[in-house]
Structures are given as structure tokens and as C-alpha cells.
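Single-structure report; data block below.
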Amino acid sequence: MSLHRVEVPEDSEVFGKTVSAFANFGYSAAVRSHGHLFIAGTIGRRADGTIPDDIEEQTEIAIRRIEEILRLEGLGLSALVDVTSYHVDIHQHLPGFSAAKARLITPPFPTWSLIGVSGLASPGLLVEIRATAAYPDPS
């Protein structure tokens, strides 16, 4: 089985100093296998490491991080086929999440599951998004 692990460059403007989290916590940003790209849970932490209080900004940052991982593989957000998002206080934050998602995710839409959780890895995080993308079929 052929696997390819996506490495986010140390000088990534989108991830900034937070790129060290992959090595620190021992996981890959994404792994390609059998025509799919499996993207680890992404969070709304700014490149400088701070966490915005606003769900819309956290959602936008998380989606932009996914977009950057896709870009590194020559893909765009339209390659997403399955997404799961995890939400702290889901009922309170759903309107802001939905607004940011609507601005950034356009047709064709992937499948998407929303799951309410009691907390995420760091205090202040309100959303984490993991995704699977598909590579184009060879011509």
C-alpha cells in the first residue's frame, strides 16, 4: 500500500508557528492513500498561536487551513467529499459557523456531519474540522 504524508512547510503563512503541533503531538497534517486525502482535525488557531473568541473567525481559519493542505496537494476545496466538524456549545455557535461555512464552501458540496462535544484540545477552541478529499480520476 502506497502512503504519502503531507508536510506543511515550516514557513507556511497559514499555519505560522503552529506548524510545530504536528511534530509535537506526533501526527500528519494529511495522508494520501488510494486516491483520497485524509486531513487531520484542523482548528481555528491563528498563525501566531492565539485563539479568536469568535466562532466565525475560528471556522474561517480552520477551513483556510484545510484549503492550504489541499493546495499543497494541487487540490481545492471542491475536492472535499466528506467532512466532520466538532462543536463546543453547538446550538449557540451554529449560526456563526454556518455563516463562515457558507462564505467558503461552495457547490459541489461534500457530505458534512456536525457533532456537539464538551470540549476540544485547548480552552477557547470552539470548532475542529476533519475532512477527506478525493483526487481527480486519472485521464
Side-chain angles (χ1 to χ4, degrees):
M1 169 171 49
S2 174
L3 295 177
H4 165 74
R5 285 164 178 73
V6 176
E7 300 291 332
V8 177
E10 292 290 326
D11 63 350
S12 169
E13 289 184 25
V14 174
F15 283 85
K17 72 179 197 175
T18 69
V19 75
S20 64
F22 301 116
N24 292 346
F25 293 101
Y27 71 101
S28 297
V31 175
R32 179 178 64 213
S33 177
H34 299 285
H36 289 88
L37 184 65
F38 301 91
I39 302 170
T42 62
I43 56 173
R45 189 182 299 269
R46 294 181 185 114
D48 67 4
T50 60
I51 299 171
D53 294 330
D54 178 72
I55 184 62
E56 283 192 52
E57 186 178 355
Q58 283 195 33
T59 301
E60 181 168 340
I61 292 168
I63 292 172
R64 293 289 183 208
R65 286 173 169 228
I66 290 170
E67 185 176 45
E68 175 63 5
I69 290 167
L70 291 166
R71 186 194 67 76
L72 292 170
E73 288 295 297
L75 301 170
L77 289 170
S78 64
L80 293 174
V81 294
D82 185 52
V83 181
T84 302
S85 51
Y86 303 89
H87 303 262
V88 175
D89 297 324
I90 190 169
H91 298 292
Q92 176 185 347
H93 297 123
L94 193 56
F97 168 83
S98 296
K101 179 181 173 277
R103 283 194 309 273
L104 299 168
I105 305 296
T106 59
F109 296 119
T111 63
W112 201 302
S113 299
L114 287 76
I115 300 172
V117 297
S118 61
L120 295 167
S122 295
L125 288 175
L126 303 173
V127 65
E128 182 169 333
I129 305 171
R130 62 175 293 144
T132 303
Y135 290 89
D137 290 329
S139 302

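Below, all heavy atoms of this structure are taken into account, side chains as well, without hydrogens, waters or symmetry copies.
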Tell me every residue that passes side chain to side chain contact (heavy atoms under 4.5 Å, CB included) with [X], counting only those two or more places apart in sequence or in another chain.
X: Arg130; result: Thr84, Tyr86
X: Phe38; result: Ser33, His36, Thr132
X: Ala47; result: none

Point to revise | Residues Thr59, Leu104; criterion side chain to side chain contact (heavy atoms under 4.5 Å, CB included); working and verdict | key: CA-CA 10 Å; Thr59 301; Leu104 299 168; 5.9 Å; no
Practice item. Would you sort out whether Thr18 and Ile43 count as a side chain to side chain contact (heavy atoms under 4.5 Å, CB included), showing the intermediate values? Key: CA-CA 10 Å; Thr18 69; Ile43 56 173; over 6 Å; no
Review point. Could you walk me through whether Gln58 and His93 pass the side chain to side chain contact (heavy atoms under 4.5 Å, CB included) check?
Key: CA-CA 11 Å; Gln58 283 195 33; His93 297 123; over 6 Å; no
If every non-hydrogen atom of [X] is compared with every non-hydrogen atom of [Y], which pair is closest and at what distance?
X: Tyr27; Y: Ala21; value: CE2-O, 3.7 Å
X: Leu125; Y: Gly44; value: CD2-N, 4.4 Å
X: Arg46; Y: Pro52; value: NH2-CB, 3.4 Å

Linking I/L/V/M/F/W/Y whenever any side-chain heavy atoms sit under 4.5 Å apart, do [X] and [Y] land together?
X: Leu70; Y: Val8; answer: yes
X: Ile61; Y: Ile105; answer: no
X: Leu77; Y: Leu37; answer: yes
X: Phe25; Y: Ile69; answer: yes

Which pairs would a plain distance check flag for residues 109-124, meaning a side-chain donor or acceptor within less than 3.5 Å of a matching protein atom at least two apart in sequence or in another chain?
{"unit_1": "Thr111", "atom_1": "OG1", "unit_2": "Val81", "atom_2": "O", "d": "3.1"}
{"unit_1": "Thr111", "atom_1": "OG1", "unit_2": "Asp82", "atom_2": "OD1", "d": "2.4"}
{"unit_1": "Trp112", "atom_1": "NE1", "unit_2": "Ser85", "atom_2": "OG", "d": "2.9"}
{"unit_1": "Ser122", "atom_1": "OG", "unit_2": "Arg45", "atom_2": "NH2", "d": "2.8"}

Check your understanding: Stepwise, does the side chain to side chain contact (heavy atoms under 4.5 Å, CB included) test hold for Ile55 with Asp89?
Key -> CA-CA 10 Å; Ile55 184 62; Asp89 297 324; over 6 Å; no
**Study point:** Partner set under side-chain hydrogen bond (donor to acceptor under 3.5 Å, both in side chains) for Glu7, not counting sequence neighbours
**Key:**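 Testing Glu7 for side-chain hydrogen bond (donor to acceptor under 3.5 Å, both in side chains), a comparison that skips the adjacent residues, returns none.
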Practice item. For the pair Glu67 and Arg64, find out whether any cationic side-chain nitrogen is under 4.0 Å from an anionic carboxylate oxygen. Key: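 Looking at Glu67 and Arg64, the cut-off is met.
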Review point. Going by atom types alone, do Glu73 and His4 pair a side-chain donor with an acceptor below 3.5 Å?
Key: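 Side-chain D/A pair, Glu73 to His4: present.
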Point to revise | With His87 via ring pair (Phe, Tyr, Trp, His ring centres under 6.0 Å) - residues at least two apart | key: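 His87 satisfies ring pair (Phe, Tyr, Trp, His ring centres under 6.0 Å) with Phe97 once adjacent residues are dropped.
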Exercise for review: Indicate yes or no: at least one non-hydrogen side-chain atom of Pro136 is less than 4.5 angstrom from one of Leu75.
Suggested key: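 Contact flag for Pro136/Leu75 side chains = yes.
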Exercise for review: Please answer whether the main-chain N or O of Val31 pairs with a side-chain N or O of Ser28 as donor and acceptor at a distance below 3.5 Å.
Suggested key: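 Side chain of Ser28 to backbone of Val31: no pair is present.
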Check your understanding: Would a distance-only check, ignoring hydrogens and angles, find a side-chain to backbone donor-acceptor pair under 3.5 Å from Ser98 to Leu94?
Key ->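 Looks like yes, one N/O pair under 3.5 Å.
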Exercise for review: May I ask you to check whether over 12 heavy atoms, not counting those of Asp48, lie within 6.0 Å of atom CG?
Suggested key: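 It does: Asp48 CG has more than 12 such atoms within range.
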Point to revise | Interatomic spacing from CD1 in Ile39 to CZ in Arg32 - rounded to 0.5 Å | key: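 Between atom CD1 of Ile39 and atom CZ of Arg32 there are 12.5 Å.
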Practice item. Using the salt bridge (Lys or Arg N to Asp or Glu O under 4.0 Å) rule, take Arg71 and Glu68 through it: C-alpha gap first, then chi angles, then the decisive distance, then the call. Key: CA-CA 5 Å; Arg71 186 194 67 76; Glu68 175 63 5; 2.8 Å; yes
